[in-house]
Every structure is written in C-alpha cells, then in structure tokens.
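Numbers here are sequence positions counted from 1.
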Amino acid sequence: MKTPLRQSARAALAKCLPSTLAFKILVPVLLVMLVTCLSLLAFYSHRMRQQGLDALKNQLATFTASKAEELTEPVWTFQDRLVRRLMRSYRDNRDLYRISLYDHTNNLIAMENGLRELPHSIILREEKPLVRTIEGETFKVGRLIVEYHDGYLQADIASRRQSDVILTLALILVLGATSLILLRLVVGRPLARLKRSLSKNALPGSRTPLVWQSSDELGQVVTAYNTLLYEVEHQTENLVNVNRTLHQEITHRRQAEARLERAHDELEDKVALRTRELKEVNERLVDLDKQRSAFLSSASHELRTPLAAILGFSVLVKKNFSRHFMPTAATPALTKKGEVILSNLEIIAKEGDRLTRLINDLLDLNKIEAGRMEWRDTLLNVGDEIKRSVKTMDSTLGHSSKVSMTTAIEPGLPPLLCDPDRFQQLLLNLLSNATKHTAEGSISVEVAMVDYRLGITVADTGNGIPEEYREAIFDKFFQADGSDTHKPSGTGLGLPICKQIVEHYHGSIRVESEVGRGSRFIISLPMGQ
C-alpha cells in the first residue's frame, strides 16, 4: 500500500512545483543553505545559552557571598526585624527563585520567594555559611541558601532566536529570488534559444547552425550542437546514397532469388529422381542382404555336414593308425613317418575345430544382426556363471600353463535377467581372447555393482592393444595382430559377438589397454532388464 501512495504523492508534488531547470538547480541549493543556516543558528543559540548560564552562575555566587556577609551581623545580634526587612528587599532581584536563611542549629529563620515562577526553568543553587570571627576565633552563625532560575535568560534567547530565524528566512528568500532571476537570464534564456533552434532544425529542409558568442559551457554545448548538425547533414547524405545502393542491391537480389527459385525447383526434381533411384537401390540392397543371410545360414549348415564327416574320419583314422600301424612299424624311418602322419591328422582336427567355430560364430552373428536369435532369458546367479566360465577356460589351459586365472566377485549380487548360453558365450569369448594374447602372467575377472549397474571387468597382463586398434577390434573379422610371422588363431568374430550381446541387453563394453602391460575389457549391464 505504501508504494502507490508514495507515487501519487510524488506526482502531485511534481504538478505543483515548476519543472524549469533553474528551479531544479535553485531548490537544492536553497535547501542546503537553509539547513546550514538553521544548524548554525541552533549551534549559536546553544552557545549563547551556555554562556548565559555561566554568567548567571557567577552572578549567583557573587550575590550569595555579598548577602551572606550582609546578614551575618543581624543574625549574630538577633535583630530579627532587620533580617526580615533585608530578606524582603532581596525579592527585587528578577532572577531570584528562592532565598532561605538558617541559624547555626539548622532552623529556618526566614525564606523569601522571587517575584514570579517561570515554567520550564532550570534552578541554580548556591549555599554560603555565615561566620563571625572574634579575637581570632571563628563562630558559625548560620547558612544562606540562594536559588536562581533561568526563565528570563531562556526568554531572551528565544526572542533572539526568533528574530534570527526571521532574518535568515528573509535573506534566503532574497537570495533565492535573485538567484532565480540570474539563472533564468544566464541559463534559461540560452536554453530556450537552443530549444527553438532544435525545433526549427527538426523540420525537413536545410539545417541552420546556431550562432553563439560565448566560450563558457553553454558555448561549448552550442559548438557541439553545430558539429552534430553537420554530422547529421553528412550522415543524411550518406544514408540517401546508401538507400540508393540498397535499392539497386534489392533489385539484383530479387533477380538472384528468382534464378535461385528456378534452380531450387530443378534441384527438387533432381532430388526426387535421385531419391527414387536410391529407394530402388536400397530395396535391392535389402533383398541382397536377405539373400546373404539366407546364403550364410544355408552355406553354414551345408558346410557343417562335410566338416563333421572330415573331423569324424580324421579322428577315426588317427585312432586306427595309432592302434594298428604304429605298433607294426619295424624301422625308425617308418616310425618317424607315422609320427608325421599323426601330426598332420592333429592339424586337420585343430583346423576343423577352428573352421567349426568360425561357422558357429558366423551363424550366431548373422542371427543377431537379422533379429532371428532366440533369447531365452532367465534369472542368473552371476557369481556361479562367472566361476563356471573361468573353470571351463582354466581346464583348456592345462596344468603346465604359465597363465593363472583369478576371480573377485562382490558378495550379495542380485540375479541378472539374461540368456545363460549368450552370457557364457560373452564370458568365454573375452577369456579366450585374453588367453590368446597372454603367454604368461595372469587373467582376472572382477564383478561388482557400480551405480545400480552390473560391472564385469576381464583383465590380462598380455601384449596389450595399440591405440589405433582399440576401436577397430569390435569390427567383424578384424585381428589386432596382423604381422606376417604370426598368424592369429581366432576368427575375428568373438569381440563383435560380445558387443552385439551386450548392446542387446542395453549395456556397454569398452577397452582400456597399454602396449606391453595388458588390457582391460569393461562391461556395464543394467539390472532388471
């Protein structure tokens, strides 16, 4: 409620007071002068009052001393009538408030009050003993108490203060009127002239500079004003030229827009034609992809049958050869030849197993990419699955291996909703990849909950992966070890399959590696998918 009232009061005050510049300059100056004069008057009045009180105190002390000396003899000689007459004569003192006379036993002998009692007065008190000296011995006759008031002093100060205030206000009014007239002559008239010039030059047409024969601040303002007029005239000419140039540019721009619109229409036709062509090509690519998937599936199944026969017959030949031929070898040459044949059969079996894994990986990757993989999700005990995969991989290493496997599984892990076969495939691919690149050292599997997600880390102390290969290892058929002297034993599909499985369950997989010190594959899977 206060803000609207204050705003209305200010608006009313602004309407009542003049809004001229001279008045706005003069009012603060007069207010400062008025406050200064009133402050000086207050200080002067206080100073006069203090000096008057000091003078009144001195008068009181002198009066009390003289009257005590005057009353000593009558009191000593018990002249009561003379004492009373003297006491009554003291009432003629205009500053007297009360005078009291006591004997030596502190009994009141006489007391007189002043002519009148003034309100709001300060009472000053002075006491003087009455003594008499006889033959060197001093006797106390009594005591005199005199009290003064400062009523007349206050009245004199108030009268003087009133006259001083009236004189000050009159002087301020005279100064204000004189200053207002001077301000109107010195500031108001030149500003009015400047205003008329501004109004005239605001009209269309030629602009006339203002002539001013003065070097003061107003002269400097007029000089700046004339400079501004020149700049405005110059800028106006420039704007006219710019406007003419802009008109020409707009014309050229419209012509260019027309040409651009025609080119846009032609481009839309070309884009539409190209889109139809790309659509047809895309449809052909989709058909080819379907044919590729069908071919891979059919070819993989067709390859399994002869491959199974090859693997079976190689095992059968190796078994029969070892049982029937090797014991009958009569010469060392035949024995060595038999060992070479057994070694070749072992190579056939290993390469057949590698080809079988490649075919299985191709089928699994093709099913995942085509969306035809059957996911049999169930609640898994993560700790048991980790131990089972580590045990499986540890058995393939054998007791003579220089690689040790360790696990660190956080207790109390919640069950994970996942396909057990795919989860084992994920773990075995990572562990198999670690064993291929770790000749000696250790492989560790760590499992823990991190921010309500299951974190699985498979770390090894093997060769490590160069930085330029860390993104490409998740591409199909990519092998980080591409040297001529060493042929990779993997298919290049293990890590891509791991990535597909993890991303199917809305997780992530990444690698941290340092060449010569090993690698860390970190998996993050959300719980409750």
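Across all their heavy atoms, Leu428 and Ser389 have their closest contact at CD2-O, 3.7 Å. Pairing each heavy atom of Ile465 with each of Ser519, the nearest pair is CG1-OG, 3.7 Å. Nearest heavy-atom pair across Thr438 and Val403 is O-CG2, 3.3 Å. Contact record, Arg453 with Pro526: NH2-CD, 3.7 Å, taken as the closest heavy-atom pair. Smallest separation of non-hydrogen atoms from Pro415 and Met527: O-CE, 3.3 Å. Considering all non-hydrogen atoms of both residues, Cys498 and Asn429 come closest at SG-CB, 3.4 Å.
The environment of Gln255 atom CD is dense: over 12 non-hydrogen atoms of other residues, nucleotides or ligands sit within 6.0 angstrom. Other residues, nucleotides and ligands contribute at most 12 non-hydrogen atoms within 6.0 Å of the CZ atom of Arg253. For Gln248, the CD atom sits in a packed shell: over 12 heavy atoms of surrounding residues, nucleotides or ligands are nearer than 6.0 Å. Residue-environment remark: CD (Glu410) exceeds the threshold of 12 foreign heavy atoms within 6.0 Å.
Separating the CG atom in Leu426 from the CD1 atom in Ile523 is a distance of 4.0 Å, to the nearest 0.5 Å. To the nearest 0.5 Å, the span separating CD1 on Ile501 from CZ on Phe423 amounts to 10.5 Å. Rounding to the nearest 0.5 angstrom, the gap separating the CD atom in Glu503 from the CD atom in Gln500 is 6.0 Å. Distance check, rounded to the nearest 0.5 Å: CG of Leu169 to SG of Cys37 gives 9.0 Å. Atom CG of residue Leu34 and atom CG of residue Leu38 lie 4.5 Å apart, to the nearest 0.5 angstrom. To the nearest 0.5 Å, the span separating CG on Leu427 from CD on Gln424 amounts to 6.0 Å.
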- In sequence, state the C-alpha distance, the side-chain angles, and the governing distance for His437 and Asp460, and then conclude on side-chain contact (heavy atoms from CB on, under 4.5 Å). CA-CA 8 Å; His437 298 281; Asp460 62 69; 5.6 Å; no
- side-chain contact (heavy atoms from CB on, under 4.5 Å) assessment of Leu380 paired with Thr378: CA-CA 6 Å; Leu380 302 179; Thr378 185; 3.6 Å; yes
- Item | Intermediate values then yes/no, side-chain contact (heavy atoms from CB on, under 4.5 Å), Val511 and Arg520 | CA-CA 6 Å; Val511 62; Arg520 286 165 50 88; over 6 Å; no
- Message: Test side-chain contact (heavy atoms from CB on, under 4.5 Å) on Val390 and Leu431; report intermediate values, then the result.
- Response: CA-CA 8 Å; Val390 170; Leu431 291 173; 4.2 Å; yes
- Task: Apply side-chain hydrogen bond (donor to acceptor under 3.5 Å, both in side chains) to Asp377 and Tyr505, showing your working.
- Result: CA-CA 10 Å; Asp377 293 342; Tyr505 289 104; 2.5 Å; yes
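Look at Arg510 and Glu512 and you find a salt bridge, because one of the NZ, NE, NH1 or NH2 atoms lies within 4.0 Å of a carboxylate O, short of that distance. In summary, Glu266 and Lys270 do not engage in a salt bridge, as defined by a charged side-chain N under 4.0 Å from a carboxylate O. Electrostatic pairing of Arg388 and Glu385 counts as a salt bridge here, judged by a charged N lying under 4.0 Å from a carboxylate O.
Between Ile509 and Phe474 the shortest side-chain heavy-atom distance falls below 4.5 Å. Contact of the Leu413 side chain with the Met449 side chain is registered, since non-hydrogen atoms from C-beta on lie closer than 4.5 Å. Inter-residue side-chain proximity for Val502 and Lys499 is flagged as unmet; no heavy-atom pair is nearer than 4.5 Å. For the pair Leu416/Leu379, no side-chain contact is recorded, criterion being any heavy-atom separation below 4.5 Å from C-beta on. The shortest distance between side-chain heavy atoms of Ser442 and Met405 does not fall below 4.5 Å. For the pair Gln425 and Arg422, the minimum side-chain heavy-atom distance is below 4.5 Å. The closest side-chain heavy-atom distance from Leu495 to Leu430 is below 4.5 Å. At a threshold of 4.5 Å between non-hydrogen side-chain atoms, the residues Thr457 and Val445 do not count as touching.
Classification of the Trp375-His504 ring pair by plane angle, with boundaries at 30° and 60°, yields parallel.
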